[in-house]
Structures are given as C-alpha cells and as structure tokens.
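This report refers to the structure that appears directly beneath it.
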Amino acid sequence: MKKQASKFAALLMCGAMVLSLAACGDGGKKTEPTPDASVKQSYTAGTYTGTATGMKGDVTVEVTVSEDAITDVVVKEHQETYGIGYGLETSPVEVLPKQIVETQSLGVDNVTGATITTAAIKNAVASAVTEAGGDAEALKNVPVEKTAEDQTLDADVVIAGAGAAGLAAGIEASRAGAKVIILEKQGVTGGATTRSGGKLLAAGTEWQKKQGYEDTPQQMLDYMKTMDGADQLNEEMVKAFCDDSVENMTWLEDMGVMIYDVEAIHQSLTPWRVHNTTNAAGHHGGGMTDGFGGNITVPMTEEYLKNNGEIYYNTTADTILTDANGAIVGLSGTKADGSKLTVNAKNVIIATGGYAQNKEMMKRYAQTTEGFVTSVPAGNVGDGLTMAEKVNAQIYDAPATQTVYLDFNSGVGINEEAGLIVNAEGKRVANEYTYQYHVADAISKSGSGYGWYIATANDPAPTVQYAMTLDKTLKANSIEELAKLMEVDAAELQATIDRYNELCAAGKDEDFGKPADHMIAVEGETYYALKLRPNVTVTFGGLVTDINAQVLDTENNPIPGLYAAGEVAFTGLFGDEYPCCGMAIGGAVYYGRIAGQLAAANK
C-alpha cells in the first residue's frame, strides 16, 4: 500500500451485526439439515453429563436421550467469553444445543469466531453420548445438508463488518428509517471489540467526579497531543471525539451498556478517564484485561436488531460495486458455502476492522518483526483496505501499531512493573514506570523487535516474583552468564546495569526521569531476564476519511456514497502511540454513528 501524505484523516474500530438465527452457517438462509438415515444410534435412555475444556475453563453439558435419539442438550456450566461464547442468538451456547438435537449430528457447523467454545460443547456432548452407550464418532460423521445459492438484496445502506463501528453505523441508520444490511465475516458479532477489555474513554463524566477528578475535553485533547507522532493527528477529528465523548458514552448507556467504574490510564497519569463496563451478571474487568467487550457489543447488537436491521453472517465482504460511471452502487460478498451475496445500495460503510492477522501488511513495522502475537479475530486481514483501494480510496500507511511488550509466560510488562527494561541490544531506552505504550514505542524506535525485563529477588512486583519461579525464565549467577543466555553483548548489558544501579543509589533518574521510589537496584545472587515480545491489538492508519466519515480518494476528495469507521480507518486519530484504553472503541462508535447518520440522510 502507498503512503499518502495528508492531514485528512480517519477513525476507529470495526463491526456491525444483527440476527437471522439461520445465518449461523449459510449466510442468512435457514435450511433443515437431514440426518443420514443409515446411521442408527442406540442409547440407554436417561440424562448424562459431559465436560470438556473451553476457552476459559470447563464447559459442562447435560444430554438427555431416548432409546434412539438425543432429545435435549443443555449447557449447564461454563466460563466462556460474553459476546463470543455466549450472550447472542448466534453464539455457541445458545445455538449449538438446538442444532445438535435438530440434526442428530455432531457435524454441525462451527461458529466462526467462537471455534474453541464450539469444540468444547461438541466434545462435552460426545462424552455424554458415549456414557449413554451411543457412538459419538458416528454422530460426528452424520452429514448436515446445506443449500448454497446466490442472493441479491436491496437496501439503503449496506455495511461491511459487525463490530463496534459497524453496529453503531447500523443503529443510527436504521433509527433514521433506512433499510440496513450488514455483512459479517464471523458467525457472531463484535469483532475485535468483543475480545477487548470493554473500556470506554470520556472526559468530564459523573464517574470521574465521584472519584474526585475534574476533567474536560480540552484536557483530554491536550493529552492526546503529547503522544509521539502527534503530527499525524487530524486535530479536528480528535477534538470532535473529545468534545462529544460524554454524549457518546451516554448514547451507549441509553441502550443498556453499563458502566462499572473509572480507572487510571496508568497510575502515574491523572486524571482517570478509562471507564470499565459490566453487565447484569457482573461481568467486568479492570487494568489490562480482555474478553469484556461483549458488555458493549451485545447491547449494541440487540439494539440494531430491535430496529429491524439485518445481518448476514459467515459472509466476507470483498467487492465495492460501482456503475459504469464509477458511482457506488452496493457491496458484494462471499458466503462460507462459496455462494455470492450482492446488496444493491446507494451507500456503503466499511467497518471491517484492522489487519493484524495479515503478516504481509504487518511486516512494515519494526516492533512486529520478531514473533508478534495478536488476539484479534483471524479474519482481521485488511479486507476493507483491499477492496477500497480498488475504487481509488486513499490509504495512509501508518508507521506504528498499538503494541505492548510482555513476557507471554508471566504477563510481566502490562501490570505497571517498574524494574529495568532493556532493548534487544541490552540498552535502557525509557522510563519503565510509565504507560505501557510509551515503553513499547521506545523499544520500537530503538530498532528492536523485542526487549528484556531484568530482575533480581528484590523486585517487589508480584508478577515478577511469579516469573522467577518459572522454568522458562532465564536465570544466571552473573551478568556475564545472563548476557550469554540472552544473546546480547555482556559488556553492553553490564554497563547498562552499572549505570542504572548508580542512578538508583543517587535517588534520581537523570537519564529518563523515573520516580525515585521506583528505582530499585538490580543486585543479588541470581539474575533473571524475561523476554518481552510484541503483542498487537490495534492497527493504525488505513482509509483516510474526513470529519463526516466520508472516505477520501487519492486527490483528497470525498467518494460519494462511501463511508468508513473503526480500525479500518484510524488515520488521523492516532500517532505512533496508543494514547489510552477506550480510545479505539470510543472512536469507532463515534465515527460509526456519524457514518450511519449521513448514509441514511443520503438514501
């Protein structure tokens, strides 16, 4: 992709959805699977329990059988992710038991985007079936008949993606009376937002006032402008989000999103402005957590459906349709069964998320050259960028991503640990007691794809103490021996540690300004090194849009009828660093709403 020099800019995260229960495996059309009549099962009638390992723990089911059929399947206990494993009409806990009974088969489709939970339920049922005297392997091979057929539909607005941005766009457009259709790649809504910590960013809220913090949109904007790479920001767009951040959060609350508390970006930074969400079951997190975004996307999905919005699942949007004059006339996609879905519409909104799962696109960044990992959906491969580029959309190739460096074995690196951190060459590059993304940006800008956390027994952080007990943690009786294990120059590492210890003894960090009470010398009988590898959660750049969420062409002109919001269009909202938890989701919702409002007005 070409790098476009422009201050015009863009937006945030991705998504959109709604429910056609039958769309769980065939893009929207329900078919009645027919069991293979040649497979005869024999059971000892009764109710049996089966257990299997899911995403976050055991999944337990109860299976009731007659002498020749499965008559009921109930998921009794689980700890799966809200908004992925359960909570939606199309998530595995809700849909699989019904499908297994209807088809008398364990060969029903996996729910794309929730495959681990799907497998757990199937395995638990298989265990119960075996206990009942049935043949679980035979049930796995019972064919489930599907009907593949091309479809053509008409709408006022068609949206690619059912995450935070796409849902927000769909809600606003459908509320305005537009007929809206969303094409969603997965079998559940929510995209990367559902897998996130479920946090929202806002300035000047009642939650902040309860904690004794006075905050204003201008303060939040001023903070954003302190980030490295702030010259890449479209200040008009960032300011609009900051000014409306409270209203944006209230908009979500009005449809059932529940705020739990407000917390710090990092304990070293005030005022607190990260708002955690919860749900009726008390499902909430704090700090650097994930798997709580369903607290946002489930109520959004329900609101979209309530307004007669439609979602076609397991359908990958791949072509923006134009007429002979190049005008936008719709969107087409490919369903999981290979058939095509074409939606004729005057307005197209791209909300397909980022590209962290596309290794070719990710090769452009220094911080992702050394074995980066990501937890975003497997389908986040840059589809929106690929298809928009074909209609002359402008794409900004950002120089960074939202990356944090951590030890995958212990979690050190994201819990405000404040010990010595060095880059791949053994050099110190940052104040370790600051926002995690500052540290990550410093490691990246030093030319390293990874870093090291150096510790001894006197490090007070519980996560570091835990790491010292792990066999995978490097340890040695001397700096020279440790350097050899780390494959860094021993003299360089020794010089770094000597200088750090000197600053600790002086009680003042003259090099990077770390507070004195977090300057703890690296000294002891045993030395430990934890490799900090990059974890990418959000990609920056992408489609260039204006403040009205209109996609700009390569000449900086709006493309009529084409809008974008969310991670596919983060140009202008981020520089080199991720400024604060909740910015991505909050911005995705905000500009998704704008896209939906204007697209509906253009119907």
Side-chain angles (χ1 to χ4, degrees), residues 1-13 201 218-242 265-266 268-269 273-274 354-356 361-369 372 374 382 385 394-405 421 423 429-432 434-449 451 512-513 534-547 552 556 564 566-588 590-591:
M1 295 191 302
K2 302 177 289 247
K3 182 166 183 174
Q4 305 287 343
S6 171
K7 287 190 178 180
F8 287 85
L11 302 62
L12 295 112
M13 299 211 30
L201 179 63
Q218 185 61 48
Q219 284 178 263
M220 187 159 76
L221 175 62
D222 291 343
Y223 167 74
M224 301 286 188
K225 291 160 66 176
T226 67
M227 299 291 102
D228 280 356
D231 59 326
Q232 300 172 59
L233 299 181
N234 180 322
E235 187 169 340
E236 183 184 20
M237 291 181 67
V238 178
K239 184 177 187 304
F241 167 71
C242 293
I265 299 170
H266 185 279
S268 64
L269 301 172
R273 52 172 67 108
V274 180
Y355 50 84
M361 290 185 180
M362 292 298 291
K363 281 181 180 178
R364 296 170 297 184
Y365 308 115
Q367 69 264 46
T368 61
T369 57
F372 79 93
T374 182
L385 303 181
Q394 182 180 167
I395 295 170
Y396 177 69
D397 185 2
T401 61
Q402 179 191 357
T403 305
V404 64
Y405 288 77
I421 293 176
N423 67 6
V429 295
N431 164 12
E432 296 86 354
T434 188
Y435 191 37
Q436 295 86 349
Y437 297 106
H438 292 322
V439 177
D441 188 55
I443 293 174
S444 173
K445 283 186 167 65
S446 75
S448 293
F512 295 100
N535 180 48
V536 176
T537 50
V538 177
T539 52
F540 300 159
L543 297 178
V544 179
T545 61
D546 61 18
I547 198 166
L552 304 182
N556 288 335
E567 196 175 350
V568 71
F570 265 165
T571 308
L573 289 175
F574 297 91
D576 295 346
E577 299 180 60
Y578 188 65
C580 183
C581 295
M583 174 65 180
I585 298 173
Y590 182 71
Y591 281 102

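By convention here, the first residue in the shown sequence is residue 1. All of these numbers come straight from a predicted model, not from anything done at the bench.
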Interatomic distance, Ile265 atom CD1 to Leu201 atom CG [nearest 0.5 angstrom]: 7.0 Å

Quick one: does Leu221's side chain get under 4.5 Å of Gln218's, heavy atoms only? yes

Non-hydrogen atoms of Phe540 and Gly575 that approach each other most closely: CD1-O, 3.3 Å

Going by side-chain hydrogen bond (donor to acceptor under 3.5 Å, both in side chains), name the residues that satisfy it together with Tyr435, two or more places apart in sequence or in a different chain. none

Kindly indicate, with the supporting measurements, whether the criterion side-chain contact (heavy atoms from CB on, under 4.5 Å) is fulfilled by Ile395 and Leu543. CA-CA 5 Å; Ile395 295 170; Leu543 297 178; 3.9 Å; yes

Rounded to the nearest 0.5 Å, how far apart are CG of Asp228 and CG of Asp441? 5.0 Å

If I take atom CD from residue Glu235 and atom SG from residue Cys242, how far apart are they, to the nearest 0.5 angstrom? 9.5 Å

Please name the pair of heavy atoms, one in Asn431 and one in Gly513, separated by the smallest distance, quoted to 0.1 Å. ND2-O, 4.0 Å

Excluding sequence neighbours, so at least two apart, what forms side-chain contact (heavy atoms from CB on, under 4.5 Å) with Ala240? Ile547, Tyr590, Tyr591

From CE (Met583) to CZ (Phe574), nearest 0.5 Å: 4.5 Å

May I ask you to decide if Pro579's main-chain N or O and Tyr223's side chain share a donor-acceptor pair within less than 3.5 Å? yes

Side chains of Tyr437 and Met227, heavy atoms from C-beta outward: is any pair under 4.5 Å? no

Considering non-hydrogen atoms only, spot the tightest contact between Thr374 and Val536 and give its length. OG1-O, 2.7 Å

Just how far is it from atom CZ of Phe512 to atom NE2 of His438, taken to the nearest 0.5 Å? 14.0 Å

State, to 0.1 Å, how close Ser268 and Thr434 come at their nearest heavy-atom pair, and which atoms those are. OG-CA, 3.9 Å

How close do Gln232 and Pro399 get, heavy atom to heavy atom, and via which atoms? OE1-CD, 3.2 Å

Ala400 to Asp576 - nearest heavy-atom pair and separation: CB-O, 3.3 Å

What residues, two or more places apart in sequence or in another chain, satisfy salt bridge (Lys or Arg N to Asp or Glu O under 4.0 Å) together with Glu577? none

For a side-chain contact (heavy atoms from CB on, under 4.5 Å) check, start with the C-alpha distance between Leu385 and Val568, then their side-chain angles and the critical distance, and finish with the verdict. CA-CA 7 Å; Leu385 303 181; Val568 71; 3.8 Å; yes

Side-chain heavy atoms of Val404 within contact of Tyr578, under 4.5 Å: no

Sorted by chain and residue number, the side-chain hydrogen bond (donor to acceptor under 3.5 Å, both in side chains) partners of Glu236 (sequence neighbours excluded) come out as none

How many angstroms lie between atom CE of Met362 and atom OG1 of Thr539, to the nearest 0.5 angstrom? 7.0 Å

